There are 2 protein chains.
Amino acid sequence: MKGHQTTIIDIANALNLSKSTVSRALTGHPNVKTKTREQVLALAAQMDYQRNQLAISLLTSQTKTIGIMVPEFLSFFFPKVIIGAQEVLAKAGYNVVICHSNESYETEMANARGLLASRVDGLLVSHTKETRNFDHFRIFERKGIPVVFFNRICEDMAVSKVTVDDYQGAFRAVEHLIETGKRWIAHLAGPDSLQNSRNRLNGYLDALKKHDLAVDSSLIISYDLTLDKANIYVNHLLNLPQPPDALFAINDPTAIEALKVIKARGLRMPDDIAVVGFSDDPISALVEPGLTTVAQPVTEIGEQAARLLLSQLQNDDDRFEPETVVLPTYLIIRGSSRPS
Amino acid sequence: MKGHQTTIIDIANALNLSKSTVSRALTGHPNVKTKTREQVLALAAQMDYQRNQLAISLLTSQTKTIGIMVPEFLSFFFPKVIIGAQEVLAKAGYNVVICHSNESYETEMANARGLLASRVDGLLVSHTKETRNFDHFRIFERKGIPVVFFNRICEDMAVSKVTVDDYQGAFRAVEHLIETGKRWIAHLAGPDSLQNSRNRLNGYLDALKKHDLAVDSSLIISYDLTLDKANIYVNHLLNLPQPPDALFAINDPTAIEALKVIKARGLRMPDDIAVVGFSDDPISALVEPGLTTVAQPVTEIGEQAARLLLSQLQNDDDRFEPETVVLPTYLIIRGSSRPS
DNA sequence: CTGTTAGCGCCTTCAA
DNA sequence: TTGAAGGCGCTAACAG
């Protein structure tokens, strides 16, 4: 029962027309007799005709679909970015295809290969934490397929990028902790491979420096973002001879893992230890105490990235200038750090 | 700078071969001189050659990609299902394309049209809450493209389906509330268009009946799953002359919204009112009190759906028998209902 | 207004 | 071992 897909030829034969006429009728070309068009349209509907996008794409070498590559989508962040991007792209007549690498460099490369093979018109990318070699994205560049990075960006590629001001967000978060009287602030950092985790680390360091606080390397732990590790490191920090009086975490899941450990130990927040996260995950407002966090305009990241891609898609011949958009962050203070 | 994509003809010309030979060398056909093959392979790599999947698909009329359609992916559920499906599909050599309808029937139809046009080999679907007409999926069926429904299924289509035992899960949840002494149990139900919300409602009703408790229609509210509505309805229930002593919510986000309202009113859980959700969203373990919930094997839903699709994809000629898999659920008791 | 022709990039007979 | 030719489904000239 392998269904034969009806083609314009089937319709043409049935109506004793040439396939060109059928094609014209279907695409709304003006030069077709009204009656002919009606006949074609009627039969097409009746036969479940669907234009084969594959053939059209082969012909026009544009697929009208954009690929979005994300490293994970279990936390709210990437789904929300995608929703923003999808909205803008849909308005411009593009379909969206999402590929999920699960933080695996291998899968990311496979996905890139797949998207290249299926000839997407453009690419929105946030790479995995394992990705250090970007050749699989450079191929797109070389073929003239626009690529826009967001959130996790590749500094070495001359393409458009959308990020938030990670440095400033981190700086503000740590300064806030200092203002509430904290002096021995730990930082659970992300992997060094991610530019945003480096920026957040720098924000942390500079905030300390600005307020003449010593930087103690034993208080800075860089880790791979897997939550069981977070648990171990938080425990490690709390077991230190002089445990930190505050913790700035690379992201909200990490911070929430810290909350769990802290509560399990019967410590009080923020008196014994204050905690700040990054992203304003919806969970942050739900946990107890509420989590202080650096919010970022998530949907807007997707929208901006989509717009940059679109503008690049439009201006074909003109010389293209890569653009970098940096969106602002702002601190949301909740119970985990608000002085009582 | 519109990049010309290198084709086998480019390689053929450069090497003074015919495109057939190049094709054979590239696909690993045995009848090619080793030296020729090496030359072709070397040049292909050097020229960034990528086979055009479009052309191949046009030829073989199979794209080796599966479309997955989900109504939303902000909560953990659908992403996790997708991860499960993707794993199984990837092992079988299929790429995955995700389409997100944002609970919009229009978008769902547009996505279906897109996937049909790009000739996916199969479809995994969970429809929107607005979907009452399934013609856009029937077209796939008629064309011999296998469709498998999961989570939100269409009863009227004779295709494979994967669900969990919603009825039993709901029944067990409500019975648990009764066992802890609750007698006046409200149900915040989902829209009637969703089969699983109907099943959960039935489980609720039958549990009451089994224990000879009256069913009071004022305690049953069916709503559209938008959280601000949940807030309104929970307040409404608590303002009743005789407010409920327990609430069974259609899903965890709803239940958590209820927790917020209940806590804001200074009511105690579970003494004043107990709450049970559905799905075991990771947030459920983090809120205070912890949320009692009906857990379901989320990843397995995706895996099973993928397997059903694959088996259908494999047996081409044979008569196909649609299969329905119902996965078990189990109750996780936490503070929101555990008697103190 | 409609038909004919020529490809888009690739694989697959069929010949040589 | 290689080349030539045909065709997947469609659109876009170019003729009538």
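Lettering follows sequence order; numbering is per chain, from 1. Just so it is clear, the model here is predicted, and its values are computed rather than measured.
- Separating the NZ atom of A:Lys64 from the P atom of D:dT11 is a distance of 15 Å, rounded to the nearest angstrom.
- If you check D:dT2, C:dC10, D:dG9 against the side chain of A:Asn52, the one that comes closest is D:dG9.
- At C:dT2, one or more side-chain N or O atoms of A:Thr36 fall inside 4.0 Å of OP1 or OP2 (strictly under the cut-off).
- A:Ser193 places a side-chain N or O within 3.5 Å of a backbone atom of A:Lys129 that can act as its donor or acceptor partner.
- Here D:dG9 presents its C1' atom at 12 Å from CG of B:Leu54, a figure rounded to the nearest Å.
- Atom CG of B:Leu26 and atom P of D:dT2 are 14 Å apart (whole Å).
- Side chain of B:Glu130 to main chain of B:Tyr105: a donor-acceptor pair is present (N/O by atom type, distance under 3.5 Å, no hydrogens or angles).
- OP1 and OP2 of C:dC8 both lie 4.0 Å or more from every side-chain N or O belonging to A:Ser61.
- If you check distances only, the side chain of A:Ser18 never reaches the base of C:dT4 with a donor-acceptor pair under 3.5 Å.
- In terms of position along DNA chain C, the nucleotide closest to A:Thr34 lies nearer the 5' end than the nucleotide closest to the other residue of the pair A:Thr34 and A:Leu58.
- A:Ser160 contributes no side-chain N or O that, together with a main-chain N or O of A:Pro322, makes up a donor-acceptor pair within less than 3.5 Å.
- In this structure a side-chain-to-backbone donor-acceptor pair under 3.5 Å is missing from B:Ser61 to B:Leu58.
- Contacts of A:Ile8 with the nucleic acid, taken as non-hydrogen atoms under 4.0 Å apart, include base atoms.
- When the C1' atom of D:dA5 is taken as reference, atom NZ of B:Lys19 falls 8 Å away, rounded to whole Å.
- Side-chain proximity of B:Asn31 to C:dC1, C:dT12, D:dT1: nearest is D:dT1.
- Side chain of A:Leu59, nearest nucleotide from D:dA5, D:dC10, C:dC1: D:dC10.
- If you measure from atom NZ of A:Lys143 to atom C1' of C:dG9, you get 13 Å, rounded to the nearest angstrom.
- The residue B:Ser20 sits close to a base: some heavy atom pair falls under 4.0 Å.
- For B:His29 and B:Arg119, each mapped to the nucleotide of DNA chain D holding its nearest heavy atom, the one lying further toward the 5' end belongs to B:His29.
- Going from atom CZ of B:Arg37 over to atom C1' of D:dT1 covers 11 Å, rounded to whole Å.
- Counting only N and O atoms by type, the side chains of B:Ser23 and B:Ser20 include no donor and acceptor under 3.5 Å apart.
- A distance-only check finds no donor-acceptor pair linking the side chain of B:Lys143 to the backbone of B:Leu116 [under 3.5 Å].
- B:Thr27 comes within 4.0 angstrom of sugar-phosphate atoms only, judged by non-hydrogen atoms across all strands, and of no base.
- In this entry the distance linking CD of B:Gln5 with P of C:dC8 reads 14 Å, nearest Å.
- Within the 4.0 angstrom heavy-atom criterion, no nucleotide atom of any strand lies near B:Ile9.
- The interatomic distance linking A:Ile11 (CD1) with D:dG9 (C1') rounds to 12 Å, in whole Å.
- Residue B:Val22 is the one, among A:Arg24 and B:Val22, whose nearest nucleotide of DNA chain D lies closer to the 5' end (criterion: closest heavy atom).
- Side-chain proximity of A:Lys33 to D:dT2, D:dT11, C:dC1: nearest is C:dC1.
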